[in-house]
Amino acid sequence: MTETDINTTIEEVATIELEVFRYRPEKASAPSFDTFTVPLHDEWVLLDALNHIKDEIDGSLSYRWSCRMGVCGSCGMMANGEAVLTCAAFLKDYAPGPIRIEPLANFPVARDLIVGMDDFMEKLNRVKPWVINENGKSVEEGEYLQTPEELDDYVQYTMCINCMLCYSACPIYGMEPSFIGPAALALAQRYNLDLRDHGNEERMDILSSDEGIWQCTFVGECSEVCPKHVDPAGAIQRYKVEATNNWWKSKLMPWSN
Amino acid sequence: MPVHDVVIVGGGGAGLRAAIAVAEKNPSLSIALVSKVYPMRSHTVAAEGGAAAVIKDFDSFENHIYDTISGGDWLVDQDAIELFVKEAPNEMIQMEHWGCPWSREPDGTVAVRPFGGMKKERTWFASDKTGFHMLHTLFQTSLKYSSIVPYDEWFATKLLVEDGRCQGVAALDLRTGRLEVIAGRSVVICTGGAGKVFPFTTNGAIKTGDGMSLAYRARVPLKDMEFVQYHPTGLPGTGILITEAARGEGGILVNSEGYRYLQDYDLGTPLDVTDPNHPVKKSMELGPRDRLSQAFIHEQKKGRTIKGKFGDVLHLDVRHLGEKRIDSKIPFVRELAKKYAGIDPVYEPIPIRPVLHYFMGGIDTDITGATTLPGLYAAGEVACVSINGANRLGSNSLTELLVFGARAGLAAADFALNQPPVDLAPLRKQVVDEDARITRAYLTKSGGTERISTIRTEMRDTMEEGAGIYRTDEGLKATCDKLAELRERFANISLDDRSFTYNTELISVLELDAMLDVAEVVAHSALARKESRGSHQRTDFPKRDDESYLRHSMAYRGEGSPRIDYKDVVITRWPPGERVYGQEQSK
Ligand SMILES: Cc1cc2nc3c(=O)[nH]c(=O)nc-3n(C[C@H](O)[C@H](O)[C@H](O)COP(=O)(O)OP(=O)(O)OC[C@H]3O[C@@H](n4cnc5c(N)ncnc54)[C@H](O)[C@@H]3O)c2cc1C
Ligand code: SF4
Ligand code: FES
């Protein structure tokens with residue numbers, strides 16, 4: 001069966017309305033909403049509906065997407081006020097509609113459903129998300145041994161797809177944009193807890209700074225919204241406990257370092 | 001200043017590895033990393049199963065080389081595969097040192113699993129999100145080097161060739177809509193494959209063959225483009241991939257009668273799933289992808305497929321593995337099947353069908369990644385070195401990104417160091433012309449009645465119909481004609497969006513333009529190859545014909561349709577033989 005066949009053989013039983021946020025900086029100074037009616041197929045995700053609009057109704061609608069399987073992290077948006085991956089949220093779960101689609105909250109809007117990512121990218125960079133190990137092995141010396149348990153200790157924090165849903169959900173980031181934020185802090189923990197890495201100290205400055213972990217009041221929204229169960233709130237909490245212990249240790253037992 | 005030493009187009013696994021190689025080799029070299037999406041969005045992210053490299057004592061280089069050559073039906077260049085196999089383990093260890101969270105054995109060494117067409121287990125994996133972990137590891141590691149200058153969300157539209165050398169690209173900044181020069185003393189193309197030329201594919205939206213078209217238009221030949229790999233187990237409708245690891249762990253394929261049909265197609269005799277020797281390597285479910293995808297068509301003809309909403313399907317059954325093993329070894333399979341097929345594989349078989357997966361062909365390069373155009377290099381899925389021959393062995397590609405990404409980066413760095421500084425003026429002039437072309441064709445044009453989606457859908461349909469799993473002279477000719485018609489109609493296309501900021505419709509039309517080039521080359525190369533080899537199966541020429549076609553096809557841009565020429569395969573120690581699967585347990 002060909003793609004055309006499929007589009008025509010499926011009976012268009014029902015439809016649903018999407019109210020889509022539009023912002024075209026060259027045309028309008030303020031955003032507005034456009035309403036589109038799309039077929040309500042059981043197997044369609046929100047992204048399919050947006051693609052339908054772009055392909056068949058209004059080619060000027062702009063948004064990001066690629067993998068359509070919840071792993072590239074491109075397609076995060078607000079659906080009825082909640083941050084979701086639009087390729088992993090089914091249209092039918094919003095029936096009878098309408099569904100309000102908006103760009104991810106807490107980020108500047110560049111155009112329609114596309115938000116600016118500069119701040120997020122800069123924050124990822126700031127936590128030094130790479131293995132720091134001055135006296136590391138050479139390739140010829142082979143792999144580092146790491147038991148499944150040692151892997152388990154940090155692997156959850158490697159699962160982040162950088163979808164930024166957690167920043168959208170985080171009330172602290174919403175009020176204080178300098179906050180490094182959930183995903184970047186979890187990423188720092190990912191390296192800190194990996195035994196191949198010796199960068200804890202180097203990352204400490206930024207993590208313990210005014211913009212780091214202490215801003216987090218453990219609201220926990222980030223872990224709720226995270227599609228990959230990274231649990232950034234847990235990562236931050238764990239780091240706080242460690243940082244506090246280390247601080248006390250250095251005060252009470254300066255010889256222990 | 002938009003002037004660099006090395007310009008890398010593509011921020012997937014290959015592009016990132018190339019960039020790091022240049023940065024490590026010589027920190028004084030300035031590197032532009034140009035990517036139409038933020039690097040961590042690149043489609044390498046979707047790879048699940050794993051990456052092959054010999055690391056265990058029970059395996060050998062010889063095994064890996066031979067598995068790949070026979071898997072590729074002898075169209076593999078043997079000098080290339082030999083060095084690839086030998087350099088692979090070090091590249092993988094390098095990834096380990098950079099922090100890739102490889103799955104481990106209880107003793108802490110890296111774990112390996114079997115993959116289709118392999119005699120021994122040699123696939124390294126990071127759960128079933130291997131590509132995701134490799135991409136993020138590479139991306140995060142690349143952030144360490146200040147000499148790598150990101151051009152995120154810049155779309156390359158043209159190679160800038162001056163004085164017979166490639167000296168940069170014209171690229172559109174999505175944010176501003178401006179077309180600019182990004183100049184360098186050498187250029188590496190790492191733009192990935194072109195699965196989106198077909199209707200059902202595991203490939204993401206961004207895999208539109210841009211780089212292949214960029215090179216082709218600069219008169220660089222595209223090699224072996226008729227060889228496209230169907231993956232036997234995609235989800236119907238979406239084409240989402242159910243990784244081969246599901247079969248590596250013991251999953252079986254059955255038809256509407258619950259019968260393990262692969263035994264009817266020279267792929268061995270099935271062992272019971274409770275047999276400790278199941279699954280047998282290079283046999284049954286672990287046969288090569290081309291043969292498994294072909295078996296689907298035969299079952300369909302015999303009426304033994306199952307009718308589904310999106311056409312015929314067969315079943316991939318992993319229930320006997322049990323919930324625990326499924327959750328520890330192939331958790332993503334469960335997640336995807338639940339979400340996108342609406343079934344839980346712990347309790348129900350997964351509906352599957354063959355879907356377009358991988359381009360074996362690509363820009364012709366030598367073993368350093370150099371193309372026929374001085375200063376232009378290519379690596380990754382966009383390139384054809386060739387280590388994949390007529391059918392790629394699963395899990396060689398992720399490793400290929402590393403080995404040949406690094407090689408191309410180093411060769412491009414060497415080349416750059418031996419060139420005079422770039423003279424910007426003529427490059428600027430080229431970009432002015434390119435800008436005028438794009439503006440005229442898409443942004444200021446009036447009239448025009450064709451929609452992007454119509455032409456795109458018709459292109460995909462004709463590719464599936466004529467240039468799919470089984471091909472004939474008649475079908476291919478019809479596809480070639482249809483593509484010529486679509487090319488004409490493309491000139492009559494009209495966009496809704498004429499603005500500058502994030503004009504994603506403009507990007508879509510540029511991508512469609514590239515896809516039409518790629519589709520045309522695939523169809524014409526397939527028409528010219530009158531034999532069956534690996535993934536290229538002609539019902540009118542069912543036999544392999546070494547006499548005439550133990551050669552790489554080379555497609556050159558001509559006037560009108562592409563001109564197809566041939567080039568010898570490099571054969572060193574492994575003379576052409578038969579591909580034999582499923583024999584091991586009978587020995
Ligand atoms: C679902 C799936 C599963 C797979 N599983 C495996 C596996 O288990 N093992 C294995 O070995 N292989 C696997 N493969 C194959 C392998 O993942 C790919 O071949 C490989 O990742 C391609 O990497 P790449 O770096 O060449 O390209 P990509 O990762 O696709 O990156 C291409 C880059 O080029 C950029 N780009 C493209 N066009 C332009 C342009 N015009 N201007 C600027 N930038 C541009 C993109 O932005 C992107 O950064 C799988 C493939 C798929 C689709
Ligand atoms: S932590 Fe979760 S929600 Fe936040 S960016 Fe990563 S994957 Fe997305
Ligand atoms: S499109 Fe990739 S995560 Fe949704």
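Each chain gets a letter, A, B and so on, in the order its sequence line appears, and its residues count up from 1.
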Rounded to the nearest 0.5 Å, what separation is found between the CE atom of M159(A) and the NZ atom of K129(B)? 5.0 Å
In terms of heavy-atom pairs under 4.5 Å with chain B, the winner among D48(A), D58(A), D42(A) is D58(A)
At under 4.5 Å between heavy atoms, what parts of residues 184-192 of chain A are in contact with chain B? List them by residue number. L187(A), R190(A), Y191(A)
Part of R68(A) within contact of chain B (heavy atom distance under 4.5 Å): both
Is it the backbone or the side chain of I55(B) that comes under 4.5 Å from a heavy atom of chain A, or both, or neither? side chain
Under 4.5 Å from a heavy atom of chain A, the part of F132(B) involved: side chain
With no hydrogens and no angle check, is any side-chain donor or acceptor of E143(A) less than 3.5 Å from a backbone partner on V110(B)? yes
Taking the side chain as everything from C-beta on, heavy atoms only, tell me whether Y502(B) gets closer than 4.5 Å to D112(A). no
Report the residue from T238(B), V45(B), L235(B), I240(B) that forms a side-chain contact (heavy atoms from CB on, under 4.5 Å) with M69(A). I240(B)
Options G70(A), S74(A), P25(A), G136(A), ranked by heavy-atom pairs under 4.5 Å with chain B, top entry: S74(A)
If we ignore hydrogens and angles and just use 3.5 Å, is the side chain of Q94(B) paired with the main-chain N or O of V139(A) as donor and acceptor? no
Is any residue of residues 121-129 of chain A within less than 4.5 Å of chain B by heavy atoms, and which ones? M121(A), L124(A), N125(A), P129(A)
Using a cut-off of under 4.5 Å for heavy-atom pairs, which of L151(A), I114(A), L61(A), D55(A) has the most such pairs with chain B? D55(A)
